[in-house]
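Right, one structure below, let's go through it.
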Amino acid sequence: MNRKIKNYVDVLFNDVPKTRKAAELKEEILADLNEHFEAHISEGKSENQAYTEALGDMGDIDELLSSLAPERELKPRIDEYRRKKAQNTSVSVMLYIFGVILLCALPAICNIFGVWDEDKAGITGFILMLVCAAIATGLLIYTRMSVPQDVEPFITKKETSEFDMTTSKGRYWAGISKLYWMIVTIIYLGISFATMAWHITWLIWLIASAIWQAILMFSGNKEEGDEE
């Protein structure tokens with residue numbers, strides 16, 4: 001398989017939802033382009049000429065890609081879910097921030113005005129932060145789990161673009177990714193609650209992200225799209 005053709009088709013399908021129909025069309029376009037490319041090579045043309053003429057032989061590929069767009073009746077449901085997701089995500093972020101504010105503010109207020117025991121205020125702020133975090137996390141999970149099945153490929157195409165879910169390797173690494181970040185979350189919460197050094201423990205996320213990118217690089221997953 002010609003590397004330039006494969007890279008070209010990968011770019012074409014970069015923002016296309018990872019549906020079975022899209023995977024089939026991608027394989028069909030790849031096969032057709034390579035067939036035309038080999039035909040032009042057999043005519044004695046250079047690789048660059050064969051590549052250019054193979055693309056020209058395919059005609060308007062954008063017209064083929066337009067067939068992968070969601071059906072008209074799905075668009076209102078997709079827009080509705082996106083609005084709900086944006087709204088719920090905003091509320092969740094506000095709850096996380098509000099919880100941290102309560103944790104820091106209650107003891108400070110007690111210390112300044114002397115209206116309550118500072119230790120009790122700290123415990124109360126900690127409990128309220130956990131409540132806010134639980135509500136926010138539950139809201140995010142509910143939002144993710146409530147996506148309609150028929151519109152999910154169009155909703156999650158950006159979220160799943162790191163891995164090709166139409167391949168076994170992509171599904172494998174997607175599962176590893178979920179497990180990895182779950183472990184990181186547990187480590188972050190465990191260390192943060194044990195030390196109460198929230199102003200420092202956020203660095204765990206930066207370190208974890210760097211480690212994850214290194215894992216992908218050394219495993220060869222980052223180069224998957226460049227294989228012939």
Side-chain angles (χ1 to χ4, degrees), residues 15 17-18 70 74-163 165 171 173-216:
D15 292 327
K18 307 296 184 181
L74 284 181
K75 289 184 178 179
R77 299 180 62 192
I78 294 174
D79 293 338
E80 179 184 357
Y81 179 80
R82 282 176 174 161
R83 284 193 297 269
K84 182 177 76 171
K85 181 180 178 181
Q87 178 182 344
N88 291 352
T89 301
S90 300
V91 172
S92 298
V93 171
M94 290 173 60
L95 283 171
Y96 283 124
I97 296 174
F98 185 63
V100 175
I101 290 174
L102 288 173
L103 176 66
C104 300
L106 286 181
I109 291 174
C110 293
N111 185 40
I112 294 173
F113 297 102
V115 294
W116 198 20
D117 182 81
E118 188 174 346
D119 292 336
K120 292 181 179 179
I123 295 174
T124 302
F126 178 71
I127 293 173
L128 290 176
M129 183 192 71
L130 290 181
V131 171
C132 290
I135 295 173
T137 302
L139 185 59
L140 290 174
I141 293 174
Y142 167 76
T143 303
R144 180 63 185 88
M145 297 297 292
S146 63
V147 55
Q149 187 175 2
D150 53 349
V151 305
E152 183 173 10
F154 304 99
I155 292 294
T156 60
K157 64 179 182 179
K158 294 295 184 182
E159 300 172 2
T160 58
S161 59
E162 184 178 8
F163 306 105
M165 300 302 289
R171 291 189 292 270
W173 277 102
I176 293 295
S177 174
K178 291 179 181 179
L179 178 62
Y180 175 83
W181 289 111
M182 183 183 300
I183 293 173
V184 170
T185 301
I186 293 172
I187 293 174
Y188 166 73
L189 293 176
I191 294 177
S192 298
F193 287 143
T195 64
M196 296 304 294
W198 298 88
H199 60 292
I200 297 176
T201 54
W202 63 270
L203 292 172
I204 291 174
W205 295 107
L206 296 181
I207 297 171
S209 179
I211 292 174
W212 178 243
Q213 293 302 318
I215 290 172
L216 293 181

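Only this structure's heavy atoms are used, side chains among them; waters, hydrogens and symmetry mates stay out. Being a predicted model, the structure only gives us computed values, none of them experimental.
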Quiz item: Are any of the side-chain heavy atoms of V91 and N88 separated by less than 4.5 Å?
Solution: no
Exercise. Go through L140 and Y96 one step at a time and tell me if the side chain to side chain contact (heavy atoms under 4.5 Å, CB included) criterion holds.
Key: CA-CA 12 Å; L140 290 174; Y96 283 124; 4.1 Å; yes
Quiz item: For the atom pair CD1 (I123) and CG (L106), what is the distance rounded to the nearest 0.5 Å?
Solution: 12.0 Å
Quiz item: Got a second to check how far I207's CD1 is from I187's CD1, nearest 0.5 Å?
Solution: 11.0 Å
Practice problem: Grab the two heavy atoms, one from G122 and one from P107, that are nearest each other, plus how far apart they are. | Solution: CA-CG, 3.6 Å
Quiz item: What distance do S90 atom OG and K85 atom NZ have between them, rounded to the nearest 0.5 Å?
Solution: 11.5 Å
Practice problem: For residues L102 and F126, determine if any side-chain heavy atom of one lies less than 4.5 Å from a side-chain heavy atom of the other. | Solution: no
Practice problem: Considering non-hydrogen atoms only, spot the tightest contact between A208 and Y180 and give its length. | Solution: O-OH, 2.7 Å
Quiz item: Considering residues at least two apart in sequence or located in another chain, which fulfil the side-chain hydrogen bond (donor to acceptor under 3.5 Å, both in side chains) criterion with S92?
Solution: none
Self-check item: Student check: side-chain heavy atoms of I211 and V184 closer than 4.5 Å
Solution: no
Quiz item: Can you check side chain to side chain contact (heavy atoms under 4.5 Å, CB included) on L128 and L103, steps first, answer last?
Solution: CA-CA 8 Å; L128 290 176; L103 176 66; over 6 Å; no
Quiz item: Around atom NZ of K84, are there more than 12 heavy atoms of other residues, nucleotides or ligands at under 6.0 Å?
Solution: yes
Quiz prompt | Side chains of T143 and T89 in contact at under 4.5 Å (non-hydrogen atoms) | solution = no
Quiz item: Where do R144 and Y81 come nearest, in terms of heavy atoms and distance?
Solution: CA-OH, 3.9 Å
Self-check item: Within 6.0 angstrom of F98 CZ, more than 12 heavy atoms from elsewhere
Solution: no
Exercise. Nearest 0.5 Å please: distance from the CD1 atom of I101 over to the CE atom of M94.
Key: 9.5 Å
Practice problem: Return each pair, listed once, that meets side chain to side chain donor-acceptor pair (under 3.5 Å) where at least one residue sits in residues 184-193; pairs must be two or more places apart or across chains. | Solution: S192-T201
Quiz item: If we only count heavy atoms from C-beta on, is the W181 to I176 side-chain gap below 4.5 Å?
Solution: no
Exercise. May I ask you to decide if T137's main-chain N or O and Y142's side chain share a donor-acceptor pair within less than 3.5 Å?
Key: no
